[in-house]
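For reference, the structure is listed below as structure tokens.
Heavy atoms only: backbone and side chains are in, while hydrogens, waters and symmetry mates are out.
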Amino acid sequence: MEPITLTTRRLLLRPFGPQDTYKVHAACQDPDIQRWTVIPSPYRLTDAELFTATLAPGGWRDDSSYSFALALRETGTLVGALGIDRRSRPGTYEVGYWSSKEHRGRGYVTEAVLGSARWAFSSLGADRLEWRAEIGNLASRAVALRAGFRLEGEQRSGLLNKGVRRDAWTAALLPSDLGLPGARPYLPEQHSERPGTAPDSAR
């Protein structure tokens with residue numbers, strides 16, 4: 001797919017390029033980004049060069065992942081990053097994101113998640129957008145919940161970060177959550193028991 005730019009109220013979600021290398025490198029010196037995301041630690045300039053010049057463009061070319069630089073529309077300032085990755089299950093994608101320390105708390109990432117989700121549902125044919133984060137990553141969880149994701153539980157050993165498997169929260173957003181049609185019909189189960197509860201006959 002050819003890289004595209006999405007526009008939200010305050011942001012441009014645009015493809016990364018070599019011009020972003022130093023800004024990405026600077027932002028990713030933040031200990032919180034290195035702790036909670038799967039980027040290398042320490043994060044060297046060569047890591048930023050690899051991402052902006054090779055990995056991000058390559059994901060667009062082979063339709064495996066779609067990386068967006070989150071830039072303010074008024075100034076062009078880079079405030080974060082967001083990626084949508086294709087999963088092995090048909091119609092299923094995963095979203096991940098980070099924001100630079102000085103621009104947190106202003107709702108930029110939530111705005112970007114919603115804008116990219118609408119694009120994924122309408123242009124990629126996504127029927128399900130998943131979010132995962134290591135248990136304890138409260139900032140990422142707060143963004144997901146504000147964007148309308150529904151928590152679905154915990155996965156033991158659900159995330160691999162820097163060679164260590166960790167337990168993860170999982171959540172999902174569906175087209176219907178945003179008032180959009182899905183690419184395929186969805187028939188939700190109406191009578192299933194919630195996890196951890198027993199049928200009345202077993203109580």
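- Partners of Arg165 by side-chain hydrogen bond (donor to acceptor under 3.5 Å, both in side chains), not counting sequence neighbours, listed by chain and number: Ser157.
- Linking ILVMFWY residues whenever their side-chain heavy atoms come closer than 4.5 Å, directly or via other members, places Leu145 and Leu114 in the same cluster.
- By the rule that hydrophobic residues join a cluster once side-chain heavy atoms approach within less than 4.5 Å of another member, Ile4 and Leu70 end up as members of one cluster.
- Phe68 has its ring centre less than 6.0 Å from the ring centre of Trp60.
- Residues Val38 and Leu138 do not share a hydrophobic cluster, defined by chaining ILVMFWY side chains whose heavy atoms lie under 4.5 Å apart.
- Arg73 places no side-chain N or O within 3.5 Å of a backbone atom of Thr7 that could act as its donor or acceptor partner.
- Asp20 contributes atom CG, which lies 14.5 Å from atom NE2 of His25 (distance to the nearest 0.5 angstrom).
- Side-chain N or O atoms of Ser116 include one that pairs as donor or acceptor with a backbone N or O of Val113 at under 3.5 Å.
- Remark: Thr5 engages no residue in a side-chain hydrogen bond (donor to acceptor under 3.5 Å, both in side chains) (not counting sequence neighbours).
- Remark: the backbone N or O of Val79 is not paired with any side-chain donor or acceptor of Lys23 at under 3.5 angstrom.
- Hydrophobic clustering (ILVMFWY, side-chain heavy atoms < 4.5 Å, transitive): Leu159 and Phe149 are in distinct clusters.
- Other residues, nucleotides and ligands contribute over 12 non-hydrogen atoms within 6.0 Å of the CD atom of Gln19.
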**Item:** Check against side chain to side chain contact (heavy atoms under 4.5 Å, CB included), Thr77 and His103
**Value:** CA-CA 10 Å; Thr77 301; His103 296 289; 3.7 Å; yes

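- Contact of the Tyr97 side chain with the Trp131 side chain is registered, since non-hydrogen atoms from C-beta on lie closer than 4.5 Å.
- Screening residues 92-109 for salt bridge (charged side-chain N to carboxylate O under 4.0 Å, His left out), with sequence neighbours left out, gives Asp30-Arg104, Asp32-Arg104, Arg87-Glu94, Glu94-Arg132.
- In this structure, Trp98 and Val109 have side chains that are not in contact, with every pair of non-hydrogen atoms separated by 4.5 Å or more.
- Expressed to the nearest 0.5 Å, how far OH of Tyr22 lies from CG of Leu78 amounts to 15.5 Å.
- Expressed to the nearest 0.5 Å, how far CD of Glu134 lies from CD of Gln155 amounts to 13.0 Å.
- Residues Leu180 and Tyr186 fall into different hydrophobic clusters, defined by Ile, Leu, Val, Met, Phe, Trp and Tyr side chains chained together at heavy-atom separations under 4.5 Å.
- Qualifying salt bridge (Lys or Arg N to Asp or Glu O under 4.0 Å) partners for Arg128, counting only residues two or more places apart in sequence or in other chains: Glu130, Glu152.
- In this structure, Tyr43 has no ring pair (Phe, Tyr, Trp, His ring centres under 6.0 Å) partners at least two apart in sequence or on a different chain.
- No side-chain donor-acceptor contact under 3.5 Å links Asp127 to the backbone of Pro175.
- Between the side chain of Glu154 and the backbone N or O of Ile135 there is no donor-acceptor pair closer than 3.5 Å.
- Between atom CG of residue Leu72 and atom CZ of residue Arg10 there is a gap of 8.5 Å, rounded to the nearest 0.5 Å.
- With hydrogens and angles left out, the side-chain atoms of Trp169 and Ser140 include no donor and acceptor closer than 3.5 Å.
- A distance of 9.5 Å separates CD1 of Ile39 from CG of Asn161, quoted to the nearest 0.5 Å.
- Remark: Asp47 pairs with no residue by the salt bridge (Lys or Arg N to Asp or Glu O under 4.0 Å) rule, at least two apart or across chains.
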